Amino acid sequence: MDNTVTPIDEEKEKQDILKAYRRLLSAAKRNEAKGDLRLVRKAFDVALDAHKDMRRKSGEPYIYHPIAVAEIVTSEIGLGAKSIICALLHDTVEDTDLTIEDMRRMFGDKVANIIDGLTKLNVVLDMQEDKSMQAENFRKMLLTMSSDIRVILIKLADRLHNMRTMGAMRRDKQLKIASETIYIYAPLAHRLGLYAIKTELEDLSFKYIEPELYTEITSKLKETERQRNRFINKFSLPIITDLENAGLDFDIKSRTKSVYSIARKMKQQGVPFEEVYDLFAIRVILNSEMKNEKADTWKAYSLVTERYVPSPARFRDWVSQPKSNGYESLHTTVMSNEGKWVEVQIRTKRMDEIAEKGLAAHWKYKDAQGGAQTQESSLDGWLARIRELLDSPDPNAIDFIDDFKLNLFAEEIFVFTPKGEVRTLPVEATALDFAFDIHSAVGSRCIGTKVNGKLFPLSHILKSGDQVEVLTSSKQKPKEDWLAFVVTAKAKSYIKQALKEEARATAAEGKELLDRKLKQWKVNIDNETVNRICKKFRLQTSQELFTKVVRKTIDFKDIREFLDDEKSANRWYNVIRKKMTPGDDAKKAAEKTPAPKKGDTIVIGDASQKVDYVLAKCCSPIPGDDIFGFVTINEGIKIHRVNCPNAINIQSNYAYRVVPANWANSEEHTAFTTNLLIKGIDDVGLVNSITKVISKDLNVNMQRISFESHEGMFEGHIRVFVEGVQHLNNLIGNLRKVEGIKTIVREDMEVKS
Ligand code: MN
C-alpha cells in the first residue's frame, strides 16, 4: 500500500496539548479568575479523554477548540473558574458519551445547568428544517439567557473561536455561519457591551462574505498607517501637554475604525476608502479614583475643547447617563489644525475596561467597590424587558427577530414618568412607545399624552429629558396605523398580536355568516367551495373573504351569482370532457415538449441538471459577481449577489433554501442590466457628458436614466446593459473622470427577497 500520510507523532501532540492547557491556566491567573482553579484541571482531563478520538476540519485534535474557547472566556470576557470549566466541557455532552448527569456528579449543579443550556442551545441552533426555525431558536436563546447569562457568554466565545478558525470549511458553510454571526451574534455581543468581540465578529464575517473588499480595506489601512500615525502624534501632543500640566494621570491611545465599519461607511455614503474621513478616534483614558471620575472626565473634556474647537452636534455624554449595556464615555468631535474633524473619547480606566469587556468587568468593579448601582439596574432592566417581550403570546418568530434587532442597534434616550422615574427608550421612540413601555395595558388604551405638561398626539417623538404622562380610555384599542410610528419591539409585537386577534374574531364571525347563507342556498360547505370563491374574487386567503363578508365589502348576491354560473358551466364541461379525453399519445407528446430555453450563463448546484432561474431585482447580479441561488416559492431559483442587502437575511433564516451558483464561461455576449447611483455637483451639460460616456465611448446601452437636482447637487439613477463586472468597472472608471461627479456606486433596489 502507498503510505504517503505523515504519521502523527503522538508524544509530541500530547506535549503540545499540555502546553495549550498551561497557557490557559496562566491566562486565568493573570485575569484573577475567581473560584477554584483546581477543578479546572479535572475538567481538562475529562474533556481531553472524552474528545480523544476527534479531530477538527483542519486536522488538529479537537481538544484545542474547548481550550481556546476557555481562554477567550477568561482573557477576553473576564469570567471565572466555573465558566472556564463549562467552556472546557461545552461540547462533551453533545458530541461524546458523557451525560448531564455525569457533569452534575463531577462538577455540581451550576456547571451541569450551564452545560445543559449550552447543549440545548446547540441542538436548537443546528436544526434547519423549518423556515422560521432560526428566528424561533433565537427566541429560545434569549430565554435561556435570562436564566444564566454565562450560557450566552460562553456561546459567544464558542462562535468567536469557530469564526477565527473557519478557513478549512466549505464556502457555502462559511457564508451561512458568517451571515448568522452578523445577524445574531454581533448585535448580541454589542448589547452585552462586549465591543472588542462584537468588532472582531463583524470583521471576520465580513472577511468571508466580501473577501475582496476586505482585502482592499486592510491593505489600504496598512499603506496609510505611517501617515496616520504622524497626524495622530501631531494632534495629540498639545493635549498631552495640557492634561499633564493640569496634573491628570492618563494614557492616550488611538483607535482605528474596524474594517467592517469602514466598509459600511463606504457603502452608505458611496465613497472610496480615501474619502472616509473618520478612520480613527483618539482615546484619553484617565487613571482616576472612583470618587473623582466625573470631575476628571469633565476636566479633561474642557481642556481638549479649549485646545480644539468642538462640533456641538457631535457631543455625547454617557458618563452622566450610561447606556443600558453599561457603556460610559464622553465623546466629542473637534477640528484639528489641518482642518480635519477628529473624534476624541474621554473615559476612565474602569469605564474603558467595561467598554471593552462588558459585563464581566462591570461585575469586577461592582464587587470591588460595592457601587455602580445605576448600570447594574439598567442592565437588569434590559434583561427584564427581554423576558417580558418573550412572554408576549405567540409573536411571529421572524417579525419578532426583525423588530428585536432594531432595538439591539438603536441608540437611546431617557425620559421621565410623572413620578420622576427614568425610562430608557430607543431614539425616535414616540409617546405611544413610552405608554407600551410602562405596560401593554396602558399602551393599548392610550388616547393621548402630555409631554412636559402639553398635550400631544400618540405619534409625538420624544426627546431625552421629556416628562411624559399617558392619558388612557377604556374604550380605546390598538389600531393598525399605530404600527406606522411605533419603534420599540414591545409595542410593535403587542399591537400586531392584538390586531391579529381582532382579525381572527372578525373572520370567525364572517365564516359563520357565510356558512349560514350557503346552507340556505343548499350549497356544499367545504374548503373547495370557499377556495373557488376566493379565487373568483381574487382574495389570497379565506380569512380575507370572511372579513369582507362582515365588513359588507363583498355582496352575497355576487357570491350567489358566481355559484350559479359555475354550476351551469360545470354541466357543460362534463358533457364536453367526455367527448375529448386525450389518448396516451397526446400525453407523451406533451411530455416531450422541451422546457422554455434560457441561456446557460449560470450553473446552479453541481450542474448535472438544468434549472430555471431569474436574476434578483434587488441586487441585479452581472457576470463576475459573487452569487448564490435562492429557491423561492413561486418564482423558481433567484440569483442574488453575495453582498446583496437581502443576503444576510436569506442566509441566516433560509439557509436550507440556498444553493451554490456560479457564472459559466459562456462565449455568448448577453447583456445584463444593473443600476448605478451617481452623485455630484450640478453643472450645465453634465447629463450630456454622462450619457456621452455611456453610449459613445463604451457602447453601453441605457435602459433608463433619471436625474434630480437639488440646491446645486444632483443625483442620477441609471439602468445600463453591461456584459459583466469588468465591463461595468470600465464604465464606472470612465464616468469618474467626468468633472463634477463625486460618487458612483452600484445601486441596490428595495425589493424584498
Ligand atoms: Mn464548540
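Start at 1 and go down the list; that is how both ligands and their atoms are numbered. None of these values were measured; they are calculated from a predicted model.
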Measuring centre to centre across the rings, with the benzene-like ring taken for any Trp, is Tyr214 within less than 6.0 Å of Tyr260?
no
If only atom types and distance count, is the side chain of Thr74 paired as donor or acceptor with the main-chain N or O of Glu71 below 3.5 Å?
no
What is the name of the N/O/S atom of Asp91 that is nearest to the Mn ion (ligand 1)?
OD2
Looking at side-chain heavy atoms only, is the closest gap between Gln174 and Met163 below 4.5 Å?
no
For N/O/S atoms only: which one belongs to Asp158 and is nearest the Mn ion (ligand 1)?
OD1
What N/O/S atom of His90 gets nearest to the Mn ion (ligand 1)?
NE2
List the steps and the verdict of side chain to side chain contact (heavy atoms under 4.5 Å, CB included) for Leu79 and Leu153.
CA-CA 9 Å; Leu79 297 177; Leu153 295 172; 3.9 Å; yes
